[in-house]
Trainee: 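After the C-alpha cells below, expect a handful of questions from me.
No experiment lies behind these values; they were computed from the predicted model shown. The chains referred to below are lettered A, B, ... by the order of the sequence lines, with proteins before strands, and numbering in each begins at 1.
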Amino acid sequence: MNHFLEEELVIGSKLKVALAMVIVLMSGLAVTGCKNQNKPDNLQRQALEKHENKRYNLRGQVVAKNVAANQITVNHDDIPGFMAAMTMPYKVKDPATLQEVKPGDKIAAEVVVVNDGSDYWLEDVRITESSGRKSAGAVPAVHRLNVGERVPSLPLVNQDGRTIHLDDFKGKAVLVTFIYTRCPLPNFCPRLSSQFAKIHDDLAKTPDDYRKTHLLTITFDPKYDTAPVLRKYALAYLDDDPSGFGYWDFAFTTPGGLRKLADAFGLMYFEQDNQISHTMNIALIAPDGTVAKYWSQEWTTSELEDALRRQAGTAAAAAPARASRGRTP
Amino acid sequence: MTRLPRIACIALWVAALAMPMACSHQPYLSEDEMQGRALFEDHCAPCHQGAHPDLRKQPPKLEGLFQSKSLPSGAPATDAQVRKTIIEGRGTMPAFDQRLSGEDVDDLVKYLHTLK
C-alpha cells in the first residue's frame with residue numbers, strides 16, 4: 001500500500017466518522033427539538049386532563065324535576081363530544097336551580113363531567129324560555145305505578161315471535177327494563193343489557209333461584225326491533241346460547257301498548273332522527289304480579305341481582321310459573 | 001478534506017428532511033375524512049374509546065383497523081365488511097341502519113383508514 005493511498009483511506013475514514021457524527025447529532029437535534037417543542041404542551045394537556053373537569057354546553061327542555069334527588073330530566077340537543085340528543089336526568093350543582101326551573105322551561109347550562117367520566121352534573125343553569133302555564137301543561141304527565149300496585153298484563157311478542165304476557169311470569173320474581181337495540185350509548189341500553197346478562201349468568205349457577213326468576217327486556221323501538229332483530233341482539237348477550245330464553249325474554253309490543261307500559265313503569269321516550277330519547281328505569285315485579293321496587297337513578301348489577309333473589313325467596317316453593325312450562329331451549 | 005463541507009451539507013439536508021417527519025403527528029385529512037372524523041367522534045368514540053367495565057364485551061380499539069388482514073371479529077379487513085358491520089351491527093355492537101346515510105358510512109370508512 002503506498003503512502004498516498006494510505007493517507008486517502010485515513011481521510012476517508014475521518015470523513016465517514018464526521019458524517020456519522022453529523023447525522024447522529026442532527027437526528028438527535030431533530031428528535032430533541034421536536035420533543036422540546038411539544039413537551040410543555042403535552043405536560044400541560046396531561047395536567048389539565050388529570051385535574052380538570054370537562055365542560056360542555058347543553059341546550060334543552062326540562063321534562064321533569066326531582067327535588068329530593070336534586071335532579072332535573074332534560075330533553076337536550078346534541079352535546080358534541082359528550083352525548084347525542086336525548087332525554088336524561090342530570091344532577092344540578094346549585095339546589096336553588098330546582099326552585100327556579102319548571103318542567104317545560106327551555107334552558108341552557110354547562111354539563112360538567114369529571115375527567116374519568118364517573119360523575120357529571122349541571123352548572124350555570126339559565127332559563128332561556130320560560131314555559132309559563134301553557135307550555136307546562138304540554139308536558140305529558142306520567143303516572144307510574146306505585147309499589148304494591150298490579151302491573152298491566154298487556155300482550156307482548158318475544159324474540160321467537162310468540163305472544164307473552166307479564167301475567168305469564170306470576171310465581172316468579174321478574175326484573176323488567178326497556179332498551180332499543182340500535183342504542184349507541186354505552187352507558188344506556190348496552191349497559192342495561194350487559195347488567196342483565198351478568199345477572200342471568202349468575203342466576204344460572206344457582207338453579208333454585210334461576211327457576212324462580214325471570215328477566216324481561218322490552219324494546220322502545222317496535223318498528224325496528226322485530227322478533228328476529230331482538231333474537232339476534234339477545235343471543236349476543238347470551239353467548240349464542242338460546243337456552244337462556246327460558247329465563248330471559250326480549251319483547252316488543254304495539255306503539256300503543258308500549259306507551260301504556262312505559263307510563264306504568266314511569267318511562268319517558270320519544271323518537272327523533274331515527275334515535276330514541278328515553279329515560280331509564282328498572283322495575284322489580286314480585287311473584288304476585290305487583291311492583292316491588294324501581295331503580296331509575298343509580299344502581300349496580302349486584303344490587304339488582306340481590307333484590308331479585310330476595311324477591312324470588314318470597315315466592316311459594318310450590319308456586320308454578322306458567323312461563324317456565326313448555327319453554328324448551 | 002475539501003469534501004467534508006459537501007458531505008456535511010448532505011448530512012444537514014438528511015437531518016432537515018428528518019425533522020419535519022419526526023415532528024409530524026397528525027396526517028393531513030381530506031374533507032371526507034374530516035367529515036368521517038366528526039361522525040366517528042359522535043357515533044363510534046363513545047364505545048370504542050375509553051373503558052366501559054359494565055359492558056358485556058369491551059368494544060375493540062379501532063386504531064390500525066385496516067393495517068391487519070382481519071377485523072377484531074375475524075372477518076376480513078375490507079371496506080365492504082366494515083360497512084356491513086357499521087350498518088348491521090355485530091355481536092353487541094348496535095346497527096347504525098337508517099341512522100347513517102350511505103355517504104356518512106363512506107366518510108366513516110375513509111376516516112377509519114387514517115387511524116394508524
Trainee: Considering only heavy atoms, which portion of A:Tyr237 lies under 4.5 Å from any heavy atom of chain B: side chain, backbone, both, or neither?
Mentor: both
Trainee: For residues 86-102 of chain B, which residue pairs qualify under salt bridge (charged side-chain N to carboxylate O under 4.0 Å, His left out), counting only residues two or more places apart or in two chains?
Mentor: B:Lys84-B:Glu88
Trainee: Give every residue pair that meets the side-chain hydrogen bond (donor to acceptor under 3.5 Å, both in side chains) criterion with at least one member in residues 101-113 of chain B, sequence neighbours excluded.
Mentor: B:Asp32-B:Lys110, B:Asp79-B:His113, B:Arg83-B:Asp106, B:Ser101-B:Asp104
Trainee: Just to be sure I understand the criterion: a residue of residues 55-70 of chain B counts if one of its heavy atoms is under 4.5 Å from a heavy atom of chain A. Which ones qualify?
Mentor: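 From residues 55-70 of chain B, the residues near chain A are B:Leu55, B:Arg56, B:Lys57.
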Trainee: Can you tell me which portion of A:Phe82 sits under 4.5 Å from chain B's heavy atoms? Options are side chain, backbone, both or neither.
Mentor: neither
Trainee: Enumerate by number any residue of residues 38-54 of chain B whose heavy atoms lie under 4.5 Å from heavy atoms of chain A; in the absence of such residues, state 'none'.
Mentor: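 Listed by number: B:Asp42, B:Pro46, B:Cys47, B:His52, B:Asp54.
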Trainee: What part of A:Asp78 lies closer than 4.5 angstrom to a heavy atom of chain B: side chain, backbone, both or neither?
Mentor: neither
Trainee: Any idea which heavy atoms bring A:Cys183 and B:Pro94 closest together, and the distance?
Mentor: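 Answer, listing the atom of A:Cys183 first, then B:Pro94: O-CG, 3.4 Å.
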